[in-house]
*Asks:* 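Let me give you the structure first, and then I'll get to my questions.
Heavy atoms only: backbone and side chains are in, while hydrogens, waters and symmetry mates are out. Letters A, B, ... mirror the listed sequences (proteins, then strands); counts begin at 1.
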2 protein chains.
Amino acid sequence: MRPEGTKAIDGRPWAPDEAADALRAHGCRATRPRVAVLSALLEHGGTISAAELTALAQEIEPGLHEATVYRTVNVLTEVGIASHVHAGHGPSLVRLAGDERLVAVCENCRAIVPVPIGAVSDLVDGMARQTGFALEPGHFALEGVCAECAP
Amino acid sequence: MRPEGTKAIDGRPWAPDEAADALRAHGCRATRPRVAVLSALLEHGGTISAAELTALAQEIEPGLHEATVYRTVNVLTEVGIASHVHAGHGPSLVRLAGDERLVAVCENCRAIVPVPIGAVSDLVDGMARQTGFALEPGHFALEGVCAECAP
DNA sequence: TTCCGTGCAAACAATTTGCAATAGA
DNA sequence: TCTATTGCAAATTGTTTGCACGGAA
């Protein structure tokens, strides 16, 4: 369960009905499947794969179909509630928008390690200055081997 | 055609029979399909998708099957001739090992932009020091919007 | 009531694998 | 010869889509 007071959508604290309210506030219908998906995402609070999100949402709404999760995630992304991260070989990951922390994924155990955003600000600035390329640090994951898996 | 004198496998200049020789030198059988795949990779000289590599190799060895390209790339990777890069949504990319330049992929036009390796050395050091996570900068691509596609 | 959204099944793309035939060393 | 490697087809995985029904607004 997400601790009370933790920042969620748009930086507001999370409340039980936030999911339905947020959906309506962003101009989406608050259907049971969508509420389940968004609640699961709020409750998890981190960066998660579609499969894991499906499993969590199905605890709230049994019978919910994985295709619905993908469609819902796409809707949430379009209206700015969620965003997705590409993580190398593995499936892409979902999280709340605004939580634009960079993540690193272990190539061995698939662990997701958050990276302080400041760690890449020089890189982003340098790329913009030298090549005009506008990096989107929230859209990709770094890869390597985590401390646990290192020999 | 790759210009004479350009660095290829192990930093040596590329020569017509290099593919077969390199395969044998690394303990692999130099079969026609493998020679075709490695020649295509040498000739291209850059970072390329499996589908593109298949097309190039089929110009040398018609009828070559895509599954063989995947298997060959895996072999080349195991023996240290090639390496692969994960590039966000798109398919993963192949290149010669030792060419560990970081690349950035445009989310809009899929252009592949090389990034000087020095651009991430601070990030790699910082991650190692602060979290023990050993980044592999050659294994993932940065993502963002290239100068051409920026508004 | 009127569409939007859902479940389902099927399509899809990228990649891997089992198997019998083939070709290097 | 004798095993590594190939082509082919089929399985896998992650994700998207067409369609007819059901439920929000």
Side-chain angles (χ1 to χ4, degrees), chain A residues 17 19-38 40 47-55 57-58 60-79 81-94 105 107 110 141, chain B residues 17 19-38 40 47-55 57-58 60-79 81-82 84-94 105 110 141:
Chain A
D17 286 332
D21 294 346
L23 283 164
R24 278 185 279 259
H26 286 82
C28 306
R29 283 191 184 176
T31 65
R32 290 175 62 86
R34 285 182 176 183
V35 170
V37 170
L38 182 49
T47 300
I48 188 180
S49 70
E52 291 169 316
L53 181 55
T54 300
Q58 281 174 340
I60 302 171
E61 185 70 16
L64 186 153
H65 201 275
E66 193 165 20
T68 302
V69 173
Y70 280 104
R71 278 189 280 228
T72 301
V73 166
N74 285 339
V75 169
L76 295 179
T77 300
E78 279 165 23
V79 302
I81 293 179
S83 68
H84 61 283
V85 194
H86 302 138
H89 249 150
S92 56
L93 307 173
V94 191
V105 177
E107 292 174 341
R110 303 259 103 212
Chain B
D17 286 330
D21 293 345
L23 283 164
R24 279 185 278 258
H26 286 82
C28 307
R29 284 193 184 179
T31 65
R32 290 175 62 86
R34 287 182 174 182
V35 170
V37 169
L38 181 49
T47 300
I48 187 179
S49 70
E52 291 169 317
L53 182 56
T54 301
Q58 281 174 341
I60 302 171
E61 185 71 15
L64 186 153
H65 200 277
E66 195 165 20
T68 302
V69 174
Y70 279 105
R71 279 189 278 226
T72 301
V73 166
N74 286 339
V75 169
L76 295 179
T77 300
E78 278 165 25
V79 302
I81 293 179
H84 61 284
V85 193
H86 302 137
H89 250 148
S92 57
L93 307 173
V94 191
V105 178
R110 302 260 103 209

*Asks:* Using a 4.0 Å cut-off on heavy atoms, which residues in residues 63-73 of chain B reach DNA chain C? List them by number, or say none.
*Replies:*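 Close to the strand are B:A67, B:Y70, B:R71.
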*Asks:* Ignoring hydrogens, what is the shortest heavy-atom contact between B:H86 and B:S92? Give both atom names and the distance.
*Replies:*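 The pair with the smallest heavy-atom distance is CD2-CB, 3.9 Å.
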*Asks:* Looking at A:I60 and A:A36, what are the two nearest heavy atoms and their distance?
*Replies:*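 In this case the closest contact between A:I60 and A:A36 is CD1-O, 3.7 Å.
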*Asks:* Run the salt bridge (Lys or Arg N to Asp or Glu O under 4.0 Å) test against A:E107 and tell me which residues pass, sequence neighbours left out.
*Replies:*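 Testing A:E107 for salt bridge (Lys or Arg N to Asp or Glu O under 4.0 Å), a comparison that skips the adjacent residues, returns none.
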*Asks:* Walking along DNA chain D from 5' to 3', note the first and the last nucleotide with an atom under 4.0 Å from a heavy atom of chain A, and give both.
*Replies:*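 Going 5' to 3' along DNA chain D, contacts run D:dG14 to D:dA25.
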*Asks:* State, yes or no, whether a side-chain contact exists between B:V37 and B:L64 at a heavy-atom distance under 4.5 Å.
*Replies:*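 When only atoms from C-beta onward are counted, B:L64 and B:V37 do touch, with a gap below 4.5 Å.
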*Asks:* Just wondering, do A:H26 and A:I81 contact through their side chains at under 4.5 Å, heavy atoms?
*Replies:*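 With C-beta onward as the side chain, the pair touches.
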*Asks:* Between B:V75 and A:N74, name the one whose nearest nucleotide on DNA chain D is closer to the 5' end.
*Replies:*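 Nearest-nucleotide comparison on DNA chain D picks B:V75.
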*Asks:* Return the CG to CD distance between B:L53 and B:E66, rounded to the nearest 0.5 Å.
*Replies:*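 Here the rounded value is 9.5 Å.
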*Asks:* So, using salt bridge (Lys or Arg N to Asp or Glu O under 4.0 Å) as the criterion, who are the partners of A:R29 when residues are at least two apart?
*Replies:*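 Residues passing salt bridge (Lys or Arg N to Asp or Glu O under 4.0 Å) with A:R29: none at all.
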*Asks:* What residues, two or more places apart in sequence or in another chain, satisfy side chain to side chain donor-acceptor pair (under 3.5 Å) together with B:E52?
*Replies:*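 Checked B:E52 against side chain to side chain donor-acceptor pair (under 3.5 Å); matches are B:S49.
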*Asks:* Report, one pair per line, the protein and nucleotides 22-25 of chain C atoms (nitrogen or oxygen only) whose separation is under 3.5 Å.
*Replies:*
unit_1	atom_1	unit_2	atom_2	d
C:dA25	OP1	B:A30	N	3.2

*Asks:* Supply the atom-to-atom distance B:H65 NE2 to B:R71 CZ, rounded to the nearest 0.5 angstrom.
*Replies:*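 Between B:H65 NE2 and B:R71 CZ, I get 8.5 Å after rounding to 0.5 Å.
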*Asks:* Any side-chain heavy atom of B:V75 sitting closer than 4.5 Å to one from B:L23?
*Replies:*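 Not in contact.
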*Asks:* Grab the NE2-C1' distance between B:H84 and C:dT16 for me, whole Å please.
*Replies:*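 Atom-to-atom, B:H84 to C:dT16, this comes out as 14 Å.
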*Asks:* What does A:S49 touch in the nucleic acid at a heavy-atom separation under 4.0 angstrom: a base, only the sugar-phosphate, or nothing?
*Replies:*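 Here A:S49 touches no strand at all.
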